[in-house]
Each structure stands twice: as structure tokens, then as C-alpha cells.
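Reading through the C-alpha cells given below for one structure.
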Amino acid sequence: MSAETMSIFSPQLAARFDALVEKYPVKRSALIPMMLYAQDEIGYLSDAAIAEIAERLSLTQLDVRNVASYYSMLRFKPAGKFNVQVCTNISCMLRGAYEVFERFQEELGVGHKGVTKDGVFSLEEVECIGACCWAPAIQVNYDFHDELTPDHVPGIIAGYRGQANGRGGR
Amino acid sequence: MPRLVSHPDEVKIVTRRFGMGATDINKYVELGGYQALAKCLAQGPEWTINEMKASNLRGRGGAGFPTGLKWSFVPKQSPKPKYVLVNGDESEPGTCKDHLIFLHDPHAVIEGTMIAGLAIGAKVGFIYLRGEYRYLLEIMERAVADAYAKGILGKNILGSDFEFNVITQTGAGAYEVGEESALMESLEGKRGVPRIKPPFPAVVGLYGGPTVINNAETIATVPHVISMGAAEYAAVGTERNGGTRLFGLSGHVERPGVYELPMGYNLKKMIYEVGGGIRGGRKLKAVVPGGSSTPVLLPEEIENLGMDFDQVGKAGSMLGSGGVVVIDDQTCIVEFALRTISFYQHESCGWCIPCREGTDWLKKSLTRFHAGFGTEKDIDNIRYIAENMMGRTFCPLGDAAAMPTLGFVKKFRKEFEDHLNGKPCPFAKHVELAVV
Ligand SMILES: Cc1cc2nc3c(=O)[nH]c(=O)nc-3n(C[C@H](O)[C@H](O)[C@H](O)COP(=O)(O)O)c2cc1C
Ligand code: SF4
Ligand code: FES
């Protein structure tokens with residue numbers, strides 16, 4: 001299809017999308033994975049990304065937006081390069097998640113849903129991430145960090161800042 | 001990285017291969033993997049379903065429905081393709097057991113899916129993980145690719161005429177998608193809102209075809225049931241509750257973690273011996289026995305409580321997803337109730353009014369209450385709202401929000417009263433919760 005040559009995504013991702021569409025009994029099933037992978041590559045679901053996904057799946061853009069808006073991991077605006085998600089749900093709360101969250105707020109200088117000025121970090125308080133027995137737990141993009149205390153926070157931030165400064169990254 | 005724990009009382013069936021490198025297909029085979037599939041191929045679908053029935057294995061996703069019986073509801077003949085759908089959405093707070101299965105034993109999930117497929121006559125299985133589990137999806141994807149490369153998935157499996165394919169994917173963040181019909185909607189590329197029942201998925205499911213939906217732990221247990229033999233597996237548990245269960249022990253215990261214990265294991269012993277007791281030598285205040293949706297139990301209610309579906313049900317709560325959350329005497333129950341209801345308010349899909357409005361009102365009332373502005377009437381109001389949600393919502397999420405709230409208000413009324421009329425909370429540090 002034309003999207004292949006005109007894709008806004010990298011050739012690797014475009015090829016992955018072509019394979020995804022073939023994988024399911026019904027093409028539309030590829031929608032959620034496609035949105036996630038698109039977001040991973042460009043940071044959020046931009047208008048252009050939505051338009052291309054809609055075209056690839058023969059859906060309307062409204063349809064794509066309608067589905068995307070249901071899921072909490074999908075976003076229409078950029079987050080930081082590293083999105084820090086602190087679980088404060090019950091198991092984590094009992095073991096000090098709020099203290100960890102507060103420390104992130106202090107160190108990063110932003111609050112819930114905030115993005116640092118340099119765009120490197122964003123911070124979010126989130127619901128249970130499935131790591132309750134290793135609480136308190138956080139996720140930075142797709143990495144889990146668990147059994148945390150507030151004192152772990154500066155080290156975690158420094159590690160990702162290092163990655164952002166050219167040593168690897170997403 | 002999740003830490004593995006162990007205790008001498010554990011009976012390691014599902015966790016047998018954890019930490020042994022079984023993510024490598026050769027290691028998995030060396031440890032007896034894919035032999036259960038071979039056995040089922042030799043014995044046939046009917047034998048397989050009967051074994052599952054005889055094992056007394058009940059679903060590990062929450063409701064505890066007998067697995068063999070569920071499989072037997074799928075019609076033998078169907079004009080539409082049949083499917084197996086593995087529910088790895090795992091989003092009930094307090095629950096993190098499937099996490100470890102995907103991490104340590106992905107082939108057990110694949111083998112279980114194949115056995116379910118063979119039993120019901122499906123050629124395709126879906127393994128759906130929650131969106132946050134991307135690193136686990138990668139492990140699953142590698143396992144699936146290895147199984148294809150070894151000729152275990154695909155056509156003519158193990159020299160038979162059985163054909164089976166596995167498709168893996170993740171969600172994108174939504175608790176409601178764990179509900180089975182919402183899960184199917186999500187897999188079809190739609191918003192994860194539930195479908196009306198009947199028809200049940202066993203008859204009209206994914207893409208309109210008959211579909212068996214099982215929790216990931218249930219599916220990972222299947223090969224072990226077949227290998228051990230149903231009778232031996234059933235003998236591990238209690239009456240009508242076969243085998244073991246992965247219990248997630250979290251909160252104020254000394255040694256939190258996921259432990260595999262026989263069905264019917266005493267809850268008090270689980271907390272004090274397996275979990276090492278209450279952290280810092282404090283006293284036990286309450287236990288949430290099966291994930292955040294299950295009503296709270298008091299210390300005196302767990303003395304002789306065996307952890308199986310029937311006994312916990314009789315005690316007025318539920319075994320649910322097996323997530324045991326332990327609460328010490330320094331915890332504010334009003335805050336705990338508020339944090340619980342905040343979750344359900346956030347995750348309500350908004351489809352039906354009693355749930356959408358009910359969770360919102362409960363959250364608002366509890367927030368005000370916790371901040372010290374509640375009145376005696378508010379306590380009854382909270383109870384009234386929760387009671388009126390029960391059984392009146394489109395899907396069980398409404399009940400999942402109302403049940404724990406009712407439990408907190410009924411069992412800790414005194415503590416609610418202690419927060420009345422501008423009195424500061426005797427425990428809490430965090431009056432405002434940012435998640436909205
Ligand atoms: C709101 C809601 C969320 C649920 N979340 C999950 C889940 O995350 N994982 C799961 O296996 N079952 C979940 N369930 C239960 C499923 O609907 C279904 O009963 C289960 O996957 C069946 O598998 P089983 O028979 O092996 O337990 C949820 C149910 C409801 C009502
Ligand atoms: S009870 Fe109603 S609003 Fe709540 S999640 Fe289910 S369908 Fe949606
Ligand atoms: S409660 Fe924090 S990971 Fe589950």
C-alpha cells in the first residue's frame with residue numbers, strides 16, 4: 001500500500017505494521033498494538049500517526065481516536081523521554097509509595113502529569129502495575145523498579161539522565 | 001526485578017520450573033515440558049476434558065469457575081472457528097502472580113493454551129498481557145518463536161494432524177479489559193467495554209466464534225495437571241478445590257512475595273509463618289484476602305480460615321485472584337478504603353450509571369470524610385450508595401467496587417466515626433490523592 005512508501009514511521013516499524021495486519025483473523029485487531037508501537041517510536045499519537053494507522057486498517061481517524069482515548073497508556077501529547085509512573089495503589093501505598101512519589105516530585109520539580117523543562121522526564125501517579133509483592137514499585141517507560149525507598153530515587157533519575165545524554169536510550 | 005521467595009510449606013507444582021532457565025525451550029523440554037501435550041494428543045479431546053474435570057481445577061482469574069466444565073460448554077461442531085484466549089491482563093490491585101509465570105515459565109502458558117485448543121477443537125490461541133507487561137511480552141514472543149522453530153507450534157504438531165497457532169499481544173492500560181467480554185472487544189481492536197451475556201463466550205466469543213477464556217495461571221496449571229494425573233492433582237487441595245494456588249502476599253508482612261500453597265492453606269499461618277509475620281512486630285489490623293475487590297477480614301475471622309473458594313466465601317469474602325493484602329494497626333482504614341475506591345472510580349468504563357456515578361460518589365464522600373468533614377449521615381450514605389450498586393451494574397466491576405466498601409464501613413464503623421466532625425485522621429499523612 002501507499003503508506004509503505006509514504007510512512008511517517010521508520011522502515012522497521014512500517015514493516016512490522018505490515019506483518020501485524022497479516023497476523024490476525026481480522027485486520028482491525030492490530031489497532032491497539034499498532035498504536036502502542038507508534039507511540040513508542042514517536043512519543044505520542046500525533047495527528048499524522050493516527051491518520052496513517054487509520055489508513056492502514058481502513059478505519060476512520062475518529063474511530064482510531066475513540067479507541068485510543070479509552071486506554072490510559074495512550075496519549076495525544078508528548079510525555080517526557082522517560083515517563084516515570086509511580087504506583088500508589090494499596091499494596092504500594094502500605095509500603096511507602098507516597099514517600100517515593102513525593103521524592104520524585106522534589107527531585108524532578110514537577111507534579112502529577114508534569115514534564116520537566118528539558119523534556120527528559122515526566123511524572124505520573126498510576127494505578128497498580130502488577131508488582132504488588134515487590135512494592136513499592138514504579139515503571140519508567142517499560143522498565144520496572146521495585147522494593148524502593150525514597151533514597152533510591154536520585155540514583156534512578158541519574159541513570160536515565162545518563163541515557164538521555166547520549167549513552168543509549170530509547 | 002521481581003524477587004523469588006520460598007517457604008518449606010510450599011508445594012511447587014506451577015512454580016516448579018521457576019528460576020531454572022525454562023524460558024529456554026530446550027531447558028523447558030529437558031524439565032518435562034511439552035510431554036503433557038503429547039499425552040493429550042495420544043488420548044484425545046474427550047479424555048483431556050474429563051481429566052480437567054476430575055482435577056477440580058477452578059479458574060484462577062477471580063470467580064473460581066471449574067475449568068473442565070467451562071471447556072465442556074464449547075459446542076463440538078461450529079461453523080465458525082473456535083479460539084482459546086489467555087487472560088494475562090492481571091490488573092486487580094494486590095495481584096502479581098501471572099507476572100512471574102510469564103517471566104519464568106512462558107512455555108507452560110503456550111503448552112496449556114495448546115492443550116485447551118486441542119480439547120475444544122481450536123486452531124488459534126491468543127495470549128493477551130496487560131500493556132505494562134511489555135518486557136514479559138518480549139519473553140512470550142521469543143518463546144512462541146522458539147516453539148514454531150522447533151515444530152511445536154504450526155502444522156502436524158509432534159507428528160499428529162493437530163494444527164495450532166499462537167498470537168500474543170498486550171493491552172494499553174485498562175482494568176476493565178480483564179473482564180472476559182471486554183477482553184474480546186479489546187482484542188478486536190475496540191474500546192474495552194463489556195458485552196451483554198448471554199450469549200456466553202463459550203458459544204459466541206471472539207470474532208463470533210466459540211471461545212474459552214482462562215486466566216494465565218489456570219492455563220499454566222493445565223500441563224501440570226495432565227502430567228501428574230487429575231487424581232493426584234486434586235488430592236493436593238481440598239474438596240471441590242483442586243491443587244495449589246499462587247498467593248501474592250503483600251502489604252505489611254515481613255516477607256512479601258508470591259508463594260505456591262495448597263488450596264485450603266490456613267490464612268493466619270500464611271501471614272505469620274510463610275510471610276514472616278507483621279512487619280516491625282506490629283499487630284494485624286485487617287486482611288484483604290483475594291485482591292482489592294474482596295471484602296476485608298478481621299484478625300478473628302482468619303483464625304481457622306482455609307484459603308479455598310468455598311471457605312473464604314463462607315467467611316463472607318472471596319478468594320478472588322489470590323492477592324492477600326495485609327494491613328497493620330498503624331494504617332488508616334478510611335484512607336485504605338479511599339485508595340481502593342479511587343481505583344474503581346478511575347477504572348469504571350462509564351458504560352452504566354450505577355457504576356459510573358456510584359464510584360464517583362463513593363470517592364467524593366470518602367475523600368471528604370477522610371479530610372475530616374464527614375458527618376454521621378455520610379457513613380450511612382456511603383453504605384447506601386454501595387448497597388444500591390450491588391447487583392445493579394452491567395458488569396461485575398460495579399460489585400467489585402461496592403463489596404470492599406461495604407466491608408470497610410460495616411467492620412470498621414468505629415474508625416469511621418473517629419474521623420467525624422473535623423477530627424484529624426489519627427493515622428494518615430496523605431489526605432489528598434492525586435489520581436483522579
Ligand atoms: C472488572 C473485572 C476485571 C477482571 N480482571 C481479570 C484479570 O485481570 N485477569 C483474569 O484472569 N481475570 C480477570 N477477570 C475475570 C475474567 O472475567 C474471567 O472470569 C477469567 O479470566 C476467567 O478465567 P478463569 O476461569 O481461568 O478464572 C476480571 C473480571 C472483572 C469483572
Ligand atoms: S459496571 Fe458498568 S460502568 Fe462499571 S465497568 Fe462495568 S459496564 Fe462499565
Ligand atoms: S499495588 Fe502497586 S503494583 Fe500493585
Side-chain angles (χ1 to χ4, degrees), chain A residues 20 23-36 39-40 57 59 63-64 66-74 85 87-95 97-99 101-102 105 111-113 124-135 137 139 141-147, chain B residues 1-3 5 81 90-99 124 130-135 167 169-175 177 186-193 207 248-252 256-258 288 292 323 325-328 331 335-336 339-340 342-343 346-347 349 429-430 433-435:
Chain A
L20 259 178
K23 183 166 119 170
Y24 294 93
V26 171
K27 206 158 86 166
R28 185 181 175 136
S29 283
L31 177 56
I32 292 164
M34 270 169 104
M35 291 194 291
L36 277 169
Q39 176 169 295
D40 291 343
L57 295 177
L59 299 170
D63 222 351
V64 173
N66 185 35
V67 175
S69 65
Y70 183 80
Y71 296 93
S72 64
M73 287 170 67
L74 297 170
Q85 303 190 301
C87 170
T88 58
N89 213 309
I90 51 176
S91 301
C92 289
M93 176 180 95
L94 293 178
R95 294 183 82 91
Y98 280 106
E99 284 76 5
F101 183 65
E102 277 157 16
Q105 283 184 308
H112 176 55
K113 296 254 182 200
E124 252 184 294
E125 183 185 352
V126 294
E127 298 296 355
C128 177
I129 52 176
C132 327
C133 291
W134 314 290
Q139 239 185 328
N141 296 347
Y142 293 113
D143 304 340
F144 280 84
H145 298 266
D146 44 40
E147 300 191 83
Chain B
M1 231 13 182
R3 194 156 48 95
V5 287
E90 184 152 81
S91 305
E92 174 105 351
T95 317
C96 50
K97 64 198 175 63
D98 299 341
H99 192 140
V124 183
R130 63 179 297 175
E132 289 81 355
Y133 286 177
R134 172 67 65 79
Y135 90 111
I167 298 174
Q169 86 159 64
T170 71
Y175 167 67
V177 163
S186 181
L187 244 180
E188 292 180 9
K190 302 176 203 149
R191 290 168 79 91
V193 293
Y207 311 117
L249 200 48
S250 70
H252 293 141
V258 176
V288 175
S292 63
V325 185
V326 177
I327 304 167
D328 77 8
T331 311
E335 184 183 14
F336 193 88
R339 188 61 189 91
T340 302
S342 300
F343 171 77
H346 185 259
E347 299 298 325
C349 83
K429 296 144 271 174
H430 311 100
L433 302 172
V435 170

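Every chain is numbered from 1, with letters handed out A, B, ... down the list of sequences.
- Using a cut-off of 4.0 Å between Lys/Arg side-chain N and Asp/Glu carboxylate O, Arg130(B) and Asp98(B) are scored as not salt-bridged.
- Among Glu92(B), Glu90(B), Arg3(B), the residue with the largest count of heavy-atom pairs under 4.5 Å with chain A is Arg3(B).
- Of the listed residues (Pro93(B), Ser91(B), Ser292(B)), the one with the most heavy-atom contacts under 4.5 Å to chain A is Pro93(B).
- Of the residues considered (Thr331(B), Leu249(B), Val326(B), Ile327(B)), Leu249(B) shows the highest number of contacts with chain A, using heavy-atom pairs under 4.5 Å.
- Of the residues considered (Gly94(B), Ala174(B), Pro81(B)), Gly94(B) shows the highest number of contacts with chain A, using heavy-atom pairs under 4.5 Å.
- Heavy atoms of Asn66(A) lying under 4.5 Å from chain B belong to its backbone as well as its side chain.
- For the options Ser250(B), Gly248(B), Gly131(B), Ala172(B), heavy-atom pairs under 4.5 Å to chain A are most numerous at Ala172(B).
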- Query: Can you list the steps and then say if Val67(A) with Arg28(A) is a side-chain contact (heavy atoms from CB on, under 4.5 Å)?
  - Reply: CA-CA 11 Å; Val67(A) 175; Arg28(A) 185 181 175 136; 3.6 Å; yes
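- Chosen from Ile90(A), Leu59(A), Val26(A), Val64(A), the residue pairing most often with chain B at heavy-atom distances under 4.5 Å is Ile90(A).
- Of the residues considered (Cys349(B), Gly192(B), Gly171(B)), Gly192(B) shows the highest number of contacts with chain A, using heavy-atom pairs under 4.5 Å.
- The two atoms that bring Pro25(A) and Ile167(B) nearest to each other are CD-CD1, 4.4 Å, heavy atoms only.
- Only the side chain of Ile32(A) comes within contact range of chain B, judged by heavy atoms closer than 4.5 Å.
- In terms of modelled atom types and a separation under 3.5 Å, the side chain of Tyr135(B) and the main chain of Phe144(A) share no donor-acceptor contact.
- Atom NE2 in His252(B) sits 7.0 Å away from atom CZ in Arg95(A) (nearest 0.5 Å).
- Within the 4.5 angstrom heavy-atom criterion, no atom of Glu124(A) approaches chain B.
- Contact annotation for Tyr207(B): only side-chain heavy atoms (C-beta onward) come within less than 4.5 Å of a heavy atom of chain A.
- Closest approach of Gln105(A) and Gly111(A) over heavy atoms only: NE2-CA, 3.6 Å.
- The CH2 atom of Trp134(A) sits 5.0 Å away from atom NE2 of His99(B), with the distance rounded to the nearest 0.5 Å.
- In this structure, Arg191(B) forms no cation-pi arrangement with Tyr70(A), as its terminal cationic atom is not both closer than 6.0 Å to the ring centre and no more than 45° off the ring axis.
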